[in-house]
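What follows is a short report on a single structure.
Computed from a predicted model, the values in this text were never measured in an experiment. Residue numbers count from 1 along this sequence.
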Amino acid sequence: MKKHGFIGGENFDLVEKGDSYVILRSVASEETLAIYPFEYSFTAKYALEGKRVVCTVTVENNDKKVMPYMFGWHPAFALFCDGGAEIEDYVLDFDGKSMLKQVPLQQDPFDPAVRNDFALDCGRYTLCEAEIYANDTLIFENAPTRVTLLSKKSDYKLALEWSDNTPDLCVWKFPSHDAMFICIEPWSNLPSRGNDEENFDTRDIQRLDSGESATHTLAFEFSI
C-alpha cells in the first residue's frame with residue numbers, strides 16, 4: 001500500500017446529488033482486495049450548509065471479519081489571498097488550549113511513543129515555515145477538534161471543526177515558499193512506524209465489526 005493509503009485514488013460512483021450537495025461512493029474491488037483484503041464501502045458527502053462546507057465520510061465493513069482502518073482528511077487552504085506576504089502572517093487558534101502534545105516525525109523509523117510539549121501563546125501558534133519544514137510536518141496528538149486560521153493583516157478567518165473520532169492533527173506545508181497553501185489535517189490515528197512491520201492485531205487503529213460503520217465529519221467556513 002502506498003504512503004497515503006489508497007482511497008483517494010479510487011473511482012467513485014455518483015449516488016445522489018442536489019442543489020447544494022453530492023454523495024459519492026467507492027467499494028472494494030479486485031485491485032483494492034490485493035492490497036487491503038477487506039470488503040468495504042466508502043461513502044462521501046459534500047454539502048453546502050449556509051456559509052459552511054460540510055464533508056462527511058462513512059466507512060462500512062461489508063466483510064465477515066473485523067476490519068481495521070485508518071482515515072485522515074487532507075484539505076489544503078490558500079494563503080496570501082488577503083494581503084499577507086509570509087506564512088508568519090497567519091496564526092492557528094486552538095480554542096484557548098495552552099499546551100499541545102507534539103509527536104515528532106523526523107525519526108527513522110518513526111517512533112509514535114515520543115511526545116514533546118508544544119507551548120501555545122494565548123492558545124495560538126504563529127505559522128512558521130522553517131519550523132514546519134524542520135519537522136517535515138507538525139503532528140499533534142489529541143488536539144482540540146476545532147481550530148481557526150487567522151490573518152494578522154486582515155479580518156480573514158477560516159474556522160474548522162471535525163468529529164471526535166479524528167483526534168490527531170497534522171499541520172503541513174509543501175517545502176517551497178511559492179506553495180501558497182497550508183494543510184490542516186485531522187487524522188483518526190498516528191502514522192505507521194515506517195521501517196517496522198505492522199502488527200494490525202495490536203496496532204492503535206480503528207476497527208469495525210462485520211456490518212458496522214463509522215462516520216467522520218469535517219466542516220469549515222471562510223470569512224473575510
- Does Ile184 belong to the same Ile/Leu/Val/Met/Phe/Trp/Tyr cluster as Leu150, with side-chain heavy atoms less than 4.5 Å apart forming each link? no
- Message: Around atom CG of Asn11, are there more than 12 heavy atoms from other residues, nucleotides or ligands closer than 6.0 Å?
- Response: no
- On a heavy-atom basis, the closest approach of Ala78 and Tyr156 is O-OH, 3.7 Å
- Query: Does the side chain of Leu100 come within less than 4.5 Å of Phe94's, by heavy atoms?
  - Reply: yes
- Same apolar cluster (I L V M F W Y, side chains within < 4.5 Å links), Tyr125/Leu160: yes
- Is the shortest heavy-atom distance from the side chain of Leu14 to the side chain of Lys17 under 4.5 Å? yes
- Item | Spacing of CG belonging to Leu208 relative to NZ belonging to Lys65, to within rounding of 0.5 Å | 13.0 Å
- Pi-cation contact, Phe118 with Lys101 (under 6.0 Å, within 45°): no
- Message: We want to know whether Ser213 and Thr58 form a side-chain donor-acceptor pair, criterion being a heavy-atom distance below 3.5 angstrom.
- Response: no
- Task: Quick one: pull up CG in Leu105 and CG in Asn135 and give me the separation to the nearest 0.5 Å.
- Result: 8.5 Å
- Message: salt bridge (charged side-chain N to carboxylate O under 4.0 Å, His left out), that's the test. Do Arg146 and Asp95 meet it? Break it down for me.
- Response: CA-CA 7 Å; Arg146 178 179 174 85; Asp95 208 19; 5.1 Å; no
- Task: Would you check if the side chain of Asp168 reaches a backbone N or O of Asn142 as a donor-acceptor pair within less than 3.5 Å?
- Result: yes
- Between Lys97 and Pro144, is there a donor-acceptor pair closer than 3.5 Å when you use the side chain of the first and the backbone of the second? no
- Look up atom CD in Glu16 and atom CD1 in Ile23, then write down how far apart they are to the nearest 0.5 Å. 4.5 Å
- Going through the distances and angles, do Glu161 and Arg52 end up as a salt bridge (charged side-chain N to carboxylate O under 4.0 Å, His left out)? CA-CA 11 Å; Glu161 57 183 324; Arg52 298 204 314 163; 2.8 Å; yes
- Locate the shortest heavy-atom distance separating Cys128 from Glu88; write the atom from each residue and the value. CA-OE2, 3.6 Å
- Task: Name the orientation class of the two ring planes belonging to Phe71 and His216 (parallel below 30°, tilted from 30 to 60°, perpendicular beyond 60°).
- Result: tilted
- Cluster link Val91 to Phe140, ILVMFWY, side chain under 4.5 Å: no
- Cluster question for you: counting only ILVMFWY and a side-chain heavy-atom cut-off of under 4.5 Å, with indirect links fine, are Leu24 and Leu48 together? yes
- Query: When the aromatic ring centroids of Tyr69 and Phe38 are compared, is their separation below 6.0 Å?
  - Reply: no
- Return yes when atom CG of Asp121 has more than 12 non-hydrogen atoms of other residues, nucleotides or ligands closer than 6.0 Å, and no otherwise. no
- Query: Less than 4.0 Å between a side-chain N and a carboxylate O, is that true for Arg124 and Asp93?
  - Reply: yes
- Message: If we ignore hydrogens and angles and just use 3.5 Å, is the side chain of Ser210 paired with the main-chain N or O of Asp63 as donor and acceptor?
- Response: yes
- Item | Any donor-acceptor N or O pair under 3.5 Å, side chains Tyr90, Lys152 | no
- Rounded distance (nearest 0.5 Å) linking atom CD1 of Ile182 with atom CG of Leu158: 11.0 Å
- Task: Kindly say whether the aromatic ring centers of Phe181 and Phe77 come within a distance under 6.0 Å.
- Result: no
- Message: Testing Ile139, Leu169, Thr166 one by one against Trp187 for a side chain to side chain contact (heavy atoms under 4.5 Å, CB included), which residue passes?
- Response: Ile139
- Task: Check whether any side-chain heavy atom of Thr137 lies under 4.5 Å from a side-chain heavy atom of Val171, and answer yes or no.
- Result: no
- Note on the structure: Rounded to the nearest 0.5 angstrom, the CD-OG distance for Glu39 and Ser41 is 10.5 Å
- Kindly state whether the ring of Phe6 and the ring of Tyr36 have centres lying under 6.0 angstrom apart. yes
- Task: Let me see the working for Leu149 and Leu127 under side-chain contact (heavy atoms from CB on, under 4.5 Å), right down to the final yes or no.
- Result: CA-CA 10 Å; Leu149 178 66; Leu127 295 183; 4.1 Å; yes
- Query: Do Ile87 and Met180 share a hydrophobic cluster (ILVMFWY, side-chain heavy atoms under 4.5 Å, transitive)?
  - Reply: yes
- Query: So, do Asp204 and Leu190 sit near enough that their side-chain heavy atoms are less than 4.5 Å apart?
  - Reply: no
